[in-house]
Amino acid sequence: MGAGRANVGDMAKGYEPGPIEDKWYAKWMEDGIFNADPNQNKPPFSIVIPPPNVTGSLHLGHALDNTLQDILCRAKRMQGFKVLWMPGTDHAGIATQNVVERSLMKDGISRHELGREAFVERVWAWKEEYGSRIIGQLKKLGASCDWDRERFTMDEGLSRAVRKVFVDLYNKDLIYRGKYLINWCPRCLTALSDLEVEHKELEGKFYSVLYRFADGGEGEGITVMTTRPETILGDTAIAVHPRDERNRHLVGRRVSVPITGRVIPVIEDNMVDPEFGTGAVKITPAHDPNDFLVGSRHGLESIQVIDAHGVMSDEAGAYKGLDRLEARDAIADELKTLGLLLSADGRKHSVGHCYRCGTIIEPYLSEQWFVRAKPLAETDIAAVKAGAIRFVPEQWTQTYYQWMENIRDWCISRQLWWGHRIPAWYCADCGKVIVSLETPAACKCGRTNLRQDEDVLDTWFSSALWPFSTMGWPDDTDALRAFYPTSVLVTGFDIIFFWVARMIMMGMEFMEREPFRDVYIHALVRDEHGRKMSKSRGNVIDPLVIIDKYGADALRLTLTALTLQGRDIFMSENRVETYRFFLNKLWNASRFALMNLEDSPGDIAPLCGEDEPHLRLHDRWIAVRVSNVTSEMTRLLDGYFFGEAARLMYDFVWNELCDWYLEMSKPALRGGEGPARKNTSQKVIYQVFRDVLKLLHPIIPFVTEELWDAFAFGGGIIGRGEWPVAKSYPGAETVEYDMAFLQNIVRAIRNLRAEVKLPPQKTAPLMSLRLKDQAKTALISENSDMIKMLAKVDELELSALGAPKPAKSIATVTGDWELFFPVGSLMDVGREITRFEDELKKLDAEMKKVAGKLGNENFIAKAPPEVVEKERAALAEGEARKRRIEENLEGLRR
RNA sequence: GCGGGCAUAGCUCAGCUGGCUAGAGCACAUGGGUCACAACCAUGGGGUCCGGGGUUCAAGUCCCUGUGCCCGCACCA
């Protein structure tokens, strides 16, 4: 490794990633190149990883997310930044608790049998054993995190940060506790925040139910509509809108609740939509969020008829013990027999489900802790408006504002055992609540009968602190000083609210600075048909399988190339193959280069210099191109244009470096142009590969490291190398223009060859090229050996435009040159005549367009002069071309 | 209801602040065992840029409108 030039023979089998990737990752770790040093005298660049769940296994979303972060970090390291990529994992409250519970269930043990302490111990044991699996998988992907700094949301330091934040917010009255109707998962037996509820459209029934008057007054009763008849048992009022002409007269009357017979009042409340249904609504404060508000406004009683398990409670009378959904049908049946069920029509409505286990959530009345979000959100909106934080792509800013502006209080308590326990204690004697950093010894009332709150905090509470808690906050650390605020956060849009918004919230509150300057939101990885990947669909592509089969570089390159701002990624194994071919191409091109480099040939500087006598057009050209690609690549990475960056390199390496430059270098490398040319050519190739490998390294680190080593470029690891510098070569534009001219001639010859179906290995005896421009004649004649080789021609005859053309020949004509291929009896002349006639027709149409444009006064007056000039030239050129085609036709007809 | 996105070749998509003959990859067709590479090379066919209006000298690009698809949030008695 690193000692000298590789044995080229070993490379002949093509690129095989497996052993190479493992070897280099180990070397990188050994050399500590990922380690961040806050005290280095360099500009900082930092990223915190979106901490994967400890229960997690690497999926394509992670692979994408971390590939992009890795690209940025590796590029920035080479660009001279001190880089911190902070890694770690999230304890993932519900998810982890569920996983461990399930594994206990296999042995027939429930967590309640174990008890809280023993259960939490089990979870820690599970975490120690399996929790680092995803870290190993990130390493396989090539992630260049500073692993020495790996953190866990429940490790000691982070737990301290969590406590401090909770206590401070409580003291500022930004955290409060209260009895509210919250989202409850009857399976997980915990409260959920609004975000943790997933709404799905379900087919339900819309029941019309008659509530008979119970006050002896006129009429039969009031009809109300409901999708949840089981909640009828908990009704404590009927409400109508105060200005509803249709129902106003009902206010103040009394009706009896079906089945229970409870007599309830008719009240008025603005919440009712008078247009909807009958305009009368049954009010169940204990089981519906809107009804809860109505209930508290009117001081209505709350009757809980459904318990925490989703089972009908004591209050449900005969229905006690029935599951809520079973009770729904049973109660509908009873209403029917009572003659109170007027109708039951099908109706689609959206129903909330637990985002973890999919159980239908239940609005449930209980005592919970909340973060008062509104006052915090104001600062956070201002931070984005002021430009301190920038979303990329920009459209996500809207999404962020919309949520922040309509934010509701965040329910942060969870009835789980795995997580950060809420630092609140209750005095059994005086009932006082004590919120404190340390476990209090006694209550203010002097007694010591204290009990800590049983609940833990929402997982997202601790992840909200991640950008500063991982760097040692609340202590004042070198890392915080050097690396906070972080440079960019890279994540998917699905956690903008869960995580991004809340990090901003906590960062602004506790660091008084934004946690990151840019938020790069990438797309979702879908299957090749654009469907979400899911286990149940069976369309999940496992990145680890892909890595095994094609290598991490192939996966990284594929994901990167498919990453376009604002577009989802449609992924298939087939696409990975395409990009794997590129790695092989790069491998073979390098192999070719190495075969032709004896020793380190040294540098030519500048590479495009005028004073280097042995540089030819294509040498200068590739130097110019490398330079332009360098500045383009730098710009694209800085702007998070990952897909464009990957494709820029792909196209450059394949279509320019391999297809043209290396081909054109062959005569020199084989010694046909003498020792000086050979040496010059070697030097150019050496330098070109050195820069190209560096530019590719952030995207495909493994193969470039291996090739770097094979070339023996020196300076150790490629990642330690400096990012190439774009140079401005004098005359660069001319070089590119000349090269394009030359390429066009070669392509034209190849086309003519194909036209007469000349087999590729056969050389064409003669091509006649007429050039308009003297300078071009010199250019072509200097490079005619090159052209002859690339296009397989024996003789290339040069003359000025207008020279007599050869008989029985086919031609390609442009304004600058005409190319003739005397074909004699090689081809079907009649067919060729038709081709020219077609071309003439096309040309006519085009010229009409241009002529029309030039005939337009407005165009002449208002368009920029260079555009008008261009059009004039095009017209002149077209006319010349037309004449030549006509002549050509004549020539063939003769 | 509020907000956002997308519509370009058979498929997946580029086309940036309007200005070259609208491009690429895959697929397809033809030819090729040429000494880096068949995981390759060369060449070719294929487009009413979703419909309709407008702005402009000029629209795939900007504006309006219609249609179709997708996503998020809220509501859903």
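Below, chain A is the first sequence line, B the second, and so on; all start at residue 1.
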A:Y579: which residues meet the ring-ring contact (aromatic ring centres under 6.0 Å, His included) condition with it, sequence neighbours left out? A:Y650
Once you apply a heavy-atom cut-off of 4.0 Å, does A:T227 come out as touching a base, just sugar-phosphate, or nothing? sugar-phosphate
Under 4.0 Å, counting only non-hydrogen atoms across every strand here, what does A:F497 touch: a base, just sugar-phosphate, or nothing? sugar-phosphate
List in chain and number order the residues that pass ring-ring contact (aromatic ring centres under 6.0 Å, His included) with A:F689, two or more places apart in sequence or in another chain; answer none if no residue qualifies. A:F711
Just to be sure I follow the notation: if a pair is Watson-Crick (purine N1 to pyrimidine N3 plus N6-O4 or O6-N4) or a G-U wobble (N1-O2 and O6-N3), each under 3.5 Å, what dot-bracket string does RNA chain B give, with | for pairs to another strand? (((((((..((((.....[...)))).(((((.......))))).....(((((..]....))))))))))))....
At under 4.0 Å between heavy atoms, what does A:K282 touch on the DNA or RNA strands: base, sugar-phosphate, or nothing? nothing
Select base, sugar-phosphate, or nothing to describe what A:R753 touches, counting heavy atoms under 4.0 Å on all strands. nothing
For A:R575, report the nucleic acid contact type (base, sugar-phosphate, nothing); a contact means any heavy atom under 4.0 Å. sugar-phosphate
Checking B:A74, B:C16, B:A36 against the side chain of A:R635 (C-beta onward), the nearest is B:C16
Expressed as a whole number of Å, how far does the P atom of B:C64 sit from that of B:G5? 12 Å
Salt bridge (charged side-chain N to carboxylate O under 4.0 Å, His left out) with A:R575: which residues, sequence neighbours excluded? none
Among the candidates B:G4, B:C75, B:A36, find the nucleotide nearest to the side-chain atoms of A:R591. B:A36
Please state the C1' separation for the pair B:G45 and B:U30 - nearest whole angstrom. 11 Å
Which nucleotide wins on minimum distance to the side chain of A:N588, given the candidates B:G72, B:U43, B:C37? B:C37
Describe the nucleic acid contact of A:E663 in one word from base, sugar-phosphate, nothing, applying a heavy-atom distance below 4.0 Å. base
What parts of residues 648-656 of chain A reach RNA chain B, counting only heavy atoms under 4.0 Å away? A:W654
Partners meeting ring-ring contact (aromatic ring centres under 6.0 Å, His included) with A:F652 (sequence neighbours left out): none
Ring centres under 6.0 angstrom apart (A:F391, A:W396): no
What's the gap between B:G60 and B:C20 when it is taken at their C1' atoms, as a whole Å value? 15 Å
Applying a 4.0 Å non-hydrogen cut-off, can you work out what A:N596 is touching in the nucleic acid: base, sugar-phosphate, or nothing? nothing
Measuring only the P atom in each nucleotide, how far is B:G25 from B:C41? A whole number of Å is fine. 11 Å
Students often get this wrong, so: under 4.0 angstrom with heavy atoms, is A:Y401 touching a base, only sugar-phosphate, or nothing? nothing
Can you tell me, in whole Å, how much space there is between the C1' of B:A14 and that of B:G52? 27 Å
Those residues at least two apart in sequence (or on a different chain) that pass ring-ring contact (aromatic ring centres under 6.0 Å, His included) with A:Y211 are none
In chain order, what residues pass the side chain to side chain contact (heavy atoms under 4.5 Å, CB included) check against A:R580, with sequence neighbours excluded? A:Y550, A:A554, A:E577
What nucleotide, of B:A36, B:A14, B:C26, holds the atom closest to the side chain of A:T578? B:C26
Using the P atom as the reference point in each nucleotide, state the distance between B:C28 and B:C11 in Å, no decimals. 15 Å
Does A:T399 reach a base, just sugar-phosphate, or nothing at all? Heavy atoms under 4.0 Å. nothing
Report which part of the nucleic acid A:V272 touches: base, sugar-phosphate, or nothing (heavy-atom distance under 4.0 Å, all strands). base
Going by distance alone, is a donor N or O of one side chain under 3.5 Å from an acceptor N or O of the other, for A:T763 and A:K788? no
Please set out all donor-acceptor pairs under 3.5 angstrom arising from side-chain atoms of residues 265-272 of chain A, sequence neighbours excluded.
| unit_1 | atom_1 | unit_2 | atom_2 | d |
| --- | --- | --- | --- | --- |
| A:D269 | OD1 | A:M271 | N | 2.8 |
| A:D269 | OD1 | A:R297 | NH2 | 3.0 |
| A:D269 | OD2 | A:R297 | NE | 3.0 |
| A:D269 | OD2 | A:H298 | NE2 | 2.8 |

Would you tell me if any nitrogen or oxygen in the side chain of A:K666 comes within less than 4.0 Å of OP1 or OP2 on B:A36? yes
Using a heavy-atom cut-off of 4.0 Å across all strands, would you classify A:N751 as base, sugar-phosphate, or nothing? sugar-phosphate
B:U21 and B:C2, which share atom name C1', separated by this distance in whole Å: 45 Å
The side chain of A:F592 is closest to which nucleotide in this list: B:G4, B:A36, B:C26? B:A36
Verify the contact: side-chain N or O of A:K549 to OP1 or OP2 of B:A39, cut-off strictly under 4.0 Å; return yes or no. no
With under 30° as parallel and over 60° as perpendicular, where do the rings of A:W654 and A:F582 fit, or are they tilted in between? tilted
Separation of the C1' atoms in B:C35 and B:C40, to the nearest angstrom: 14 Å
Proximal nucleotide (of B:A36, B:C2, B:G5) relative to the A:Q402 side chain: B:C2
